[in-house]
Number of protein chains: 2
Amino acid sequence: MTDDTAKPVRKRQARGEKRMAELLDAASEVFAAQGYAKTSTNAIAAAAGASPGTLYQFFKNKEAIADALMERYVKRLREAHGEAFDLSVAGLPLEEMLDRIIDPIVAFDRANPGYYALLSDPHLSAELASAKRPAQKLMFERLDQILEKRTPGLDAERRTRTAAVAVHLFRGLLPMIMAASEQELPAVVNETKAALRAYLASSIGN
Amino acid sequence: MTDDTAKPVRKRQARGEKRMAELLDAASEVFAAQGYAKTSTNAIAAAAGASPGTLYQFFKNKEAIADALMERYVKRLREAHGEAFDLSVAGLPLEEMLDRIIDPIVAFDRANPGYYALLSDPHLSAELASAKRPAQKLMFERLDQILEKRTPGLDAERRTRTAAVAVHLFRGLLPMIMAASEQELPAVVNETKAALRAYLASSIGN
DNA sequence: TGTTAATGCGAGTAATAGCTCGTATTTTTA
DNA sequence: TAAAAATACGAGCTATTACTCGCATTAACA
């Protein structure tokens with residue numbers, strides 16, 4: 001059987017995809033300012049200089065906007081530090097490894113407050129689960145792989161739990177990281193690294 | 001000048017306060033199940049077996065419900081382990097101190113999912129700020145005092161930052177703590193303690 | 001150039017939200 | 001017991017929501 005369900009062969013992609021990008025830009029801003037739940041789809045359309053009808057031509061519902069936006073965030077996260085967050089850091093001393101992992105993530109999160117807005121809305125979990133999952137997987141799986149390469153003999157269950165805890169520790173400090181001024185930021189980031197370094201050293205060694 | 005704006009001298013407190021308690025119980029359940037934003041005031045009233053009019057006789061708006069509920073949580077938190085979370089733990093070895101602090105908090109949070117629901121809704125911050133503040137202050141100030149007693153010579157700014165970071169680290173792990181089954185819980189709690197122990201030891205010594 | 005399809009609009013719809021108000025009942029108070 | 005106050009109700013008001021639909025405009029393609 002041939003795959004005749006694939007690609008509806010969309011045309012007019014120049015104008016259309018530009019519009020989608022504008023709508024996602026607008027959604028990013030409004031989500032960052034008001035959060036997902038309190039953001040109306042009409043407000044997103046208005047912020048993009050479009051009409052509700054146009055918005056719903058590209059996104060079947062509000063959740064699809066969050067999904068697409070998160071997908072774009074994850075893609076950009078990969079691009080932004082694909083090389084820094086890859087497995088090559090596993091061989092570095094712990095302190096250096098954390099610098100290489102955390103600095104780009106902090107920069108990305110602060111540059112994209114809408115990403116934080118979507119990630120940190122725990123009670124829209126059910127609704128946003130499909131949007132959040134890829135982003136959480138990105139962080140967790142990368143770290144799990146790094147830990148595996150770093151300490152090959154480690155029990156898999158223990159390694160996985162360590163990775164999950166480390167990701168949650170970082171997310172716990174994200175509110176401080178996001179709220180910090182430029183002057184405060186270095187101290188907050190240093191404290192973040194100190195916490196993760198202490199935990200990881202105690203859990204899997206230096 | 002006399003304070004003639006004080007206390008409207010409410011009467012009928014037996015029936016009325018019982019109703020308020022029922023409404024807060026209902027709010028706690030519905031918030032836990034659906035989150036603050038998606039919970040309707042009519043649903044709270046219905047869950048309490050009351051009418052919307054009755055609800056609005058005791059709470060001037062939806063936010064006031066969250067405020068009152070959080071106030072009740074904080075009061076119960078104090079009662080639940082007022083003695084365990086007081087300054088007497090400051091003299092214990094770090095590991096024991098963490099046991100004494102964390103175990104009751106974990107028990108309370110798991111027994112009161114509505115508390116977690118209100119606390120962990122960062123994008124209702126503006127709206128719920130007044131509700132969340134006392135709960136966050138409770139944790140932070142207590143820990144700050146404990147650290148002060150534990151390491152009297154420590155720089156105040158550093159101590160305060162350490163306390164804030166520790167509270168955020170715990171909150172970062174709260175999703176795992178709340179999601180864990182009874183079987184998984186001990187491992188998750190141990191990992192929580194390990195993370196806090198490692199961080200605090202590296203920051204202020206053992 | 002003419003047909004087709006993608007893009008665009010915005011008034012409009014059904015549902016639901018927070019909240020009010022007139023009124024009825026119960027309890028306190030005098 | 002009578003008046004006053006607190007509690008209770010629930011239909012309904014206004015605002016807002018996510019989303020639709022008929023129709024106009026623009027661009028691709030034969």
Side-chain angles (χ1 to χ4, degrees), chain A residues 7-27 30-31 33-69 117-118 121 123-124 126-128 130-131, chain B residues 7-27 30-31 33-69 117-118 121 123-124 126-128 130-131:
Chain A
K7 299 184 191 172
V9 190
R10 299 232 167 258
K11 292 159 188 174
R12 182 70 41 65
Q13 291 183 338
R15 214 176 19 148
E17 291 200 4
K18 188 183 167 197
R19 253 300 197 229
M20 284 185 69
E22 288 167 359
L23 286 164
L24 290 182
D25 289 341
V30 188
F31 285 156
Q34 313 188 347
Y36 175 82
K38 298 189 75 173
T39 296
S40 75
T41 54
N42 285 16
I44 295 174
S51 72
T54 296
L55 185 152
Y56 280 94
Q57 193 147 27
F58 296 103
F59 304 99
K60 80 177 230 285
N61 55 33
K62 188 180 175 183
E63 190 186 344
I65 301 171
D67 286 347
L69 182 57
L118 287 185
D121 235 324
H123 258 287
L124 294 99
E127 196 171 349
L128 288 185
S130 59
Chain B
K7 299 184 191 175
V9 190
R10 300 233 164 255
K11 292 159 189 172
R12 178 68 41 65
Q13 292 183 339
R15 211 174 24 147
E17 290 199 6
K18 188 183 168 198
R19 250 309 194 219
M20 284 186 71
E22 288 167 358
L23 286 164
L24 291 182
D25 289 341
V30 188
F31 285 157
Q34 312 189 348
Y36 175 81
K38 299 188 76 173
T39 295
S40 75
T41 54
N42 285 16
I44 295 174
S51 72
T54 297
L55 186 152
Y56 280 94
Q57 194 146 27
F58 296 104
F59 303 100
K60 82 177 228 285
N61 55 32
K62 187 181 175 183
E63 189 185 344
I65 302 170
D67 286 346
L69 181 57
L118 287 185
D121 236 323
H123 259 287
L124 293 98
E127 196 171 348
L128 287 184
S130 59

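Hydrogens, waters and symmetry mates are skipped; everything else that's a heavy atom, side chains included, is used. Bear in mind that the values here come from a model prediction, so they are computed numbers and not experimental data. Residue numbering restarts at 1 for every chain, and letters A, B, ... go by the order of the sequence lines.
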Checklist entry - Would you say a side-chain N or O of A:Y56 is under 4.0 Å from OP1 or OP2 of D:dC19? => result yes
Ring-face cation of A:K62 near A:Y56 (centre distance under 6.0 Å, axis angle within 45°): no
note: A:F59, atom CZ; D:dT20, atom P; distance rounded to Å ~ 15 Å
Between NZ of A:K60 and C1' of D:dA18 the distance, given in whole Å, is 13 Å
| said: Could you walk me through whether A:E22 and A:F58 satisfy the side chain to side chain contact (heavy atoms under 4.5 Å, CB included) test, starting with their C-alpha distance in whole Å, then the side-chain angles of each, then the deciding distance to 0.1 Å, before giving a yes or no? | reply: CA-CA 11 Å; A:E22 288 167 359; A:F58 296 103; over 6 Å; no
Rounded to whole Å, the NZ-C1' distance (A:K18 to D:dA27) equals 14 Å
Reading nucleotides 8-17 of chain C from 5' to 3' and marking B where a protein heavy atom lies under 4.0 Å of the base, S where only the sugar-phosphate is that close, and - otherwise, the string is BBB------S
The reported gap from CG in A:L55 to CZ in A:R19 (rounded to nearest 0.5 angstrom) is 10.0 Å
Is the positively charged end of B:K38 above the ring of B:F31, judged by distance under 6.0 angstrom from the centroid and angle within 45° of the axis?
no
note: A:E63, atom CD; D:dT17, atom P; distance rounded to Å ~ 19 Å
Paired with B:F59, the side chain to side chain contact (heavy atoms under 4.5 Å, CB included) test is passed by just one of B:L69, B:I44, B:T54, B:L24, namely B:L24
All heavy atoms of A:A37 vs all of B:A37, minimum pair found to be CB-CB, 3.9 Å
Here the distance between atom P of D:dC21 and atom CG of A:L55, to the nearest Å, is 16 Å
